[in-house]
Every structure is written in structure tokens, then in C-alpha cells.
Student: 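Sharing a structure with you now.
As a basis for the values below, the full set of heavy atoms in this structure was taken, side chains included, without hydrogen atoms, waters or symmetry mates.
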Amino acid sequence: MTGFADRGAAPDSTVTYAFAVCRGEDASGAPLPEDASGPPLPPGLSAEAPVRELRFGALTAIVQEVPAADFTEEVWRQRLSDRAEVERCARAHHAVVTAVACFRPTIPLALCTLYRDDRRAVEALGRDEARFAEVLDRVAGHVEWGVKVYVRPEEHTSGPDGATSATGATTRPAPGTADRGSAGTPAPGAGRAYLAERRERQRSRVRRHEETLRDADVVDTTLRGLASAARRLQPQHQELTGDPRPQILNAAYLVAQERTAELSAAVTALRRRVGAHIEVTGPWVPYSFAGEV
């Protein structure tokens with residue numbers, strides 16, 4: 001991103017918004033949607049100008065003229081505070097990138113990548129032409145798959161003393177309550193037995209957690225064997241995932257399109273093999289590998 005539009009820009013001025021970088025055409029000479037008989041490219045982020053190609057060297061940027069007044073730093077900061085608006089912009093950006101990727105290998109650019117005009121865009125992107133070309137060679141014929149692994153259900157449901165009301169299991173009362181004799185006095189050795197059982201439950205939780213971490217490593221190692229490249233990302237918090245189970249693996253795999261069936265079979269086998277929950281999303285445009293060479 002080269003910066004936001006000038007705060008004092010003229011009301012009718014525009015800036016160049018860049019969505020992605022691709023080759024001028026793919027190996028078969030396939031044109032972009034607006035030059036083909038299929039549907040046009042999505043409308044992007046502005047209804048006032050179409051999404052279009054902008055050549056720089058041997059490559060092409062997918063760009064659109066957008067009102068400068070809508071993309072000042074102040075306005076963008078306000079947008080970021082509005083979750084619905086951020087989602088709208090992200091979806092519009094992604095729709096353009098995905099449409100182009102259906103026709104050519106594509107490198108997505110970051111949301112709100114702006115240039116003052118086409119000339120500045122050509123100059124800036126041209127400085128990275130060699131890197132873009134190398135990444136395009138790498139992602140051609142590949143898609144990204146996202147894989148997330150969550151803790152074993154029995155580990156998540158364990159409470160502080162190992163009891164789980166959510167599953168209907170009964171909790172064991174503390175010593176000195178139900179472990180009393182008929183006269184109301186604690187049964188002999190009840191306290192020691194309770195502490196020993198509690199320590200065993202704690203050791204059991206630790207073992208289950210270690211097993212779950214090993215499950216995540218097994219999943220990651222197996223899928224890396226099928227991928228051309230892989231990235232292990234920071235696990236997402238429960239507030240973001242909406243899943244009450246903690247996430248222990250968040251990874252992205254760049255997989256050749258012809259190996260999709262192998263990936264699916266591997267995930268099916270892993271689900272039978274490990275006790276953790278495995279979630280797969282995709283195929284995606286290779287966002288996670290756009291900056292790698």
C-alpha cells in the first residue's frame with residue numbers, strides 16, 4: 001500500500017485501487033472475463049468506474065478508479081471501526097480477485113492497496129515485477145486449502161476438577177461433604193483419596209492435551225507431504241472462530257489442483273486416525289503465499 005488519498009483531494013478526484021497482479025494472459029491465451037463471452041468482472045469497490053487491466057512490463061494489475069474522498073486515512077479509519085463495512089469491502093475485494101483467478105494465476109494484493117494514479121501504480125508495481133513473476137510461476141496450477149484442528153472434545157469439556165456438566169457427567173463432591181459417615185464425620189482417608197484422584201485427573205488432562213498436540217503435528221506433517229508449500233499460522237481465538245473448543249492448528253497448504261482428491265482422501269484418513277476435530281476450507285486463491293518466492 002502506498003498510502004491513503006490526500007485528505008484535501010478535490011471532490012471529483014480519483015485514485016487507483018489495485019486488487020491483484022496476474023500475467024497478461026494465461027498459457028492458453030485465455031482472456032479476462034470482460035473480454036470473453038462470460039459474465040463481466042464484479043463491480044469492485046465503486047459503481048462509478050469498471051474494474052480493468054493495467055499493464056506494467058510483462059504483467060498486469062487489476063485496478064479500478066475509486067473516489068479519493070472515500071479512501072482518505074480518516075475515512076478508512078472510520079470504516080475499520082464498522083465491522084459490516086469492513087466485511088463489505090473485503091468481500092468486494094475478494095470477489096474481484098477470485099473472478100480473475102478463475103482465468104489466470106493470480107497474486108492477491110492487500111485490502112486498500114492504493115496509488116495516486118495509474119502512472120504511480122505502474123512505477124511502484126514495476127519495481128517488484130521480478131518478484132511477482134516468480135510468485136506467479138510458483139502458484140500457477142495451485143490452490144490454497146485451509147486446515148484447522150481443534151482440541152479433543154473430552155479435553156475441552158473437562159472442568160477444573162475433571163467434571164463435565166455439559167455432557168451430563170456427575171461431579172464428585174469435595175471431601176467432608178458426601179464422604180461422611182452416618183454420624184456426619186469424614187470417612188477415614190477421604191481427604192487423601194480425594195487429593196489423589198484430583199491429581200490423577202490433572203495428569204489425565206495433561207496427557208490428553210499432549211495427545212491433541214501430537215494429533216496436530218500428525219495432520220500438519222501428512223498434509224505438508226502433499227503440498228508444494230505450507231504455512232503454519234497463529235491459532236485463532238475462540239471469539240473469532242465462534243467454536244467453544246480451543247484451536248491448536250491453523251495452517252494453509254498450497255496444493256496442485258490435480259492433487260485435490262489426494263488431499264481429500266488424506267483428510268478422511270486423518271479424521272479416522274486422530275481424535276481431534278479437523279476442519280478444511282477451500283479451495284482459495286493463494287492469499288497465504290502471495291508474498292513468498
Student: If only atom types and distance count, is the side chain of R245 paired as donor or acceptor with the main-chain N or O of V151 below 3.5 Å?
Tutor: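 No, the answer is negative, given that no donor and acceptor are paired below the 3.5 Å cut-off.
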Student: Determine the minimum heavy-atom distance between A133 and L59, stating which atoms define it.
Tutor: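 Looking at all heavy atoms of both residues, the shortest contact is N-CD1, 4.0 Å.
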Student: Are V147 and L213 linked, directly or through other ILVMFWY residues, by side chains that come within less than 4.5 angstrom of each other?
Tutor: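 In one cluster: yes.
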Student: Looking at CD of E144 and CG of L254, how far apart are the two atoms once the value is rounded to the nearest 0.5 Å?
Tutor: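 Nearest 0.5 Å value for the CD-CG distance: 7.5 Å.
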Student: Hey, could you give me the CD/CD distance between E73 and Q78, rounded to the nearest 0.5 Å?
Tutor: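 CD of Q78 is found 11.5 Å from CD of E73.
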Student: What heavy-atom pair brings A276 and D215 nearest, and what distance separates the two atoms?
Tutor: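 So the minimum-distance heavy-atom pair works out to N-OD2, 3.6 Å.
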Student: Within the structure provided, determine whether V280 and W145 are in side-chain contact (heavy-atom separation under 4.5 Å).
Tutor: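 With C-beta onward as the side chain, the pair touches.
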Student: Do I248 and V267 land in one hydrophobic cluster if side-chain heavy atoms of ILVMFWY residues count as linked below 4.5 Å?
Tutor: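 In one cluster with I248: V267, yes.
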Student: Before we go on, tell me: are the rings of H94 and Y287 under 6.0 Å apart, centre to centre?
Tutor: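 Here the rings of Y287 and H94 have centres that are less than 6.0 Å from each other.
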Student: Do you see a donor-acceptor pair shorter than 3.5 Å between the side chains of Y150 and Q247?
Tutor: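 There is such a pair between these side chains.
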Student: Are V149 and L233 linked, directly or through intermediate hydrophobic residues, by side-chain heavy-atom contacts shorter than 4.5 Å (ILVMFWY only)?
Tutor: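 No; tracing contacts between hydrophobic side chains, which count when under 4.5 Å, never links both residues.
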Student: Quick check for you: to the nearest 0.5 Å, what is the distance between F103 atom CZ and C22 atom SG?
Tutor: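 Output value for this atom pair is 11.5 Å.
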Student: Should E65 and V51 count as side-chain neighbours, where that means a heavy-atom distance under 4.5 Å?
Tutor: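 A side-chain contact under 4.5 Å is absent here.
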Student: For a quick test of reading the model, state the closest non-hydrogen atom pair linking V97 to F19 and the distance between them.
Tutor: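 Smallest heavy-atom distance, with atoms named: CG2-O, 3.6 Å.
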Student: Is any NZ, NE, NH1 or NH2 atom of the basic residue among E262 and R259 found under 4.0 Å from an Asp or Glu carboxylate oxygen of the other?
Tutor: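 A salt bridge is present here (some side-chain N lies under 4.0 Å from a carboxylate O).
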Student: In sequence, state the C-alpha distance, the side-chain angles, and the governing distance for I107 and F132, and then conclude on side-chain contact (heavy atoms from CB on, under 4.5 Å).
Tutor: CA-CA 8 Å; I107 302 173; F132 284 135; 3.8 Å; yes
Student: For the residue pair A99 and P42, what are the closest heavy atoms and their distance?
Tutor: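 Nearest heavy atoms, A99 then P42: CB-CD, 3.6 Å.
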Student: Could you tell me whether the side chain of L249 reaches within less than 4.5 Å of the side chain of R232, counting heavy atoms only?
Tutor: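 Counting from C-beta outward, R232 and L249 do come under 4.5 Å.
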Student: May I ask you to decide whether E85 forms a salt bridge with R88, counting only side-chain N to carboxylate O separations under 4.0 Å?
Tutor: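 R88 and E85: salt-bridged.
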Student: Could you pull out the closest heavy-atom pair between A61 and L125, with the gap in Å?
Tutor: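 So the two residues come closest at CB-CD1, 3.6 Å.
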Student: In the structure I gave you, are the side-chain heavy atoms of V218 and T222 within less than 4.5 Å of one another anywhere?
Tutor: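 Yes - at least one pair of side-chain heavy atoms lies under 4.5 Å apart.
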Student: Show the nearest heavy-atom pair for residues I278 and V219, with the distance to one decimal.
Tutor: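 Heavy atoms only, the tightest pair is CD1-CG2, 3.7 Å.
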Student: Answer yes or no: is there an ion pair linking R138 with E134, defined by an N-O contact shorter than 4.0 Å?
Tutor: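 No salt bridge links R138 with E134.
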Student: May I ask you to say whether E123 pairs ionically with R127, meaning some side-chain N is under 4.0 Å from a carboxylate O?
Tutor: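 Salt bridge between E123 and R127, a charged N being under 4.0 Å from a carboxylate O: no.
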Student: Quick one: do E129 and R55 make a salt bridge, cutoff under 4.0 Å?
Tutor: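 Salt bridge flag = no for R55 with E129.
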Student: Heavy-atom distance under 4.5 Å between the side chains of V255 and T260, does that happen here?
Tutor: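 A side-chain contact is absent here, since even the closest heavy-atom pair is not under 4.5 Å.
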Student: Measure the shortest side-chain to side-chain distance between T72 and V75 over non-hydrogen atoms and say whether it is less than 4.5 angstrom.
Tutor: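 Yes, at least one pair of side-chain atoms sits under 4.5 Å.
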Student: Is there a donor in the side chain of Y253 and an acceptor in the side chain of D220, or the other way round, less than 3.5 Å apart?
Tutor: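 Short answer, yes.
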Student: Establish, yes or no, whether the cationic atom of R79 lies under 6.0 Å from the six-membered ring centre of F71 and within 45° of the ring axis.
Tutor: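 That pair qualifies as a cation-pi contact.
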Student: If you measure only the distance, is there a donor-acceptor pair under 3.5 Å linking the side chains of D117 and T16?
Tutor: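 Checked: D117/T16 side chains show no N/O donor-acceptor pair below 3.5 Å.
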Student: Would you indicate whether the side-chain heavy atoms of S46 and P67 approach each other to under 4.5 Å?
Tutor: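 P67 vs S46: side chains touch.
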Student: Judged by atom type as modelled, is there a donor-acceptor pair below 3.5 Å linking the side chain of N250 to the main-chain atoms of K148?
Tutor: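 Not confirmed, N250 side chain does not pair with K148 backbone.
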Student: Supply the atom-to-atom distance F56 CZ to D118 CG, rounded to the nearest 0.5 angstrom.
Tutor: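 Rounded to the nearest 0.5 Å, the CZ-CG separation comes to 12.5 Å.
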Student: Show the numbers, then the answer: is there a side-chain contact (heavy atoms from CB on, under 4.5 Å) between V135 and V139?
Tutor: CA-CA 6 Å; V135 176; V139 304; 4.2 Å; yes
Student: Check whether any side-chain N or O of R231 sits under 3.5 Å from a backbone N or O of S288 as a donor-acceptor pair, and report yes or no.
Tutor: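 Confirmed, R231 side chain pairs with S288 backbone.
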Student: Does any N or O in the side chain of Y17 come within less than 3.5 Å of the main-chain N or O of C112, such that one atom is a donor and the other an acceptor?
Tutor: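 Flag set: sc Y17 to bb C112 pair under 3.5 Å.
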Student: Tell me if a side-chain donor or acceptor on Q64 pairs with a main-chain N or O of P43 at a distance below 3.5 Å.
Tutor: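 Confirmed, Q64 side chain pairs with P43 backbone.
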Student: Between V15 and V66, does the side-chain contact (heavy atoms from CB on, under 4.5 Å) criterion hold? Intermediate values first, please.
Tutor: CA-CA 6 Å; V15 292; V66 296; 3.6 Å; yes
Student: Would you check if I62 and L54 make a side-chain contact, meaning some heavy-atom pair closer than 4.5 Å?
Tutor: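 With C-beta onward as the side chain, the pair stays apart.
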Student: Indicate yes or no for a side-chain donor-acceptor contact from T221 to the backbone of D217 under 3.5 Å, with no hydrogens or angles considered.
Tutor: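 The answer is yes, because a donor-acceptor pair under 3.5 Å joins these two groups.
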Student: Report yes or no: does T113 contribute a side-chain atom to a donor-acceptor pair with the main-chain N or O of L111 at less than 3.5 Å?
Tutor: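 No: the side chain of T113 does not pair with the backbone of L111.
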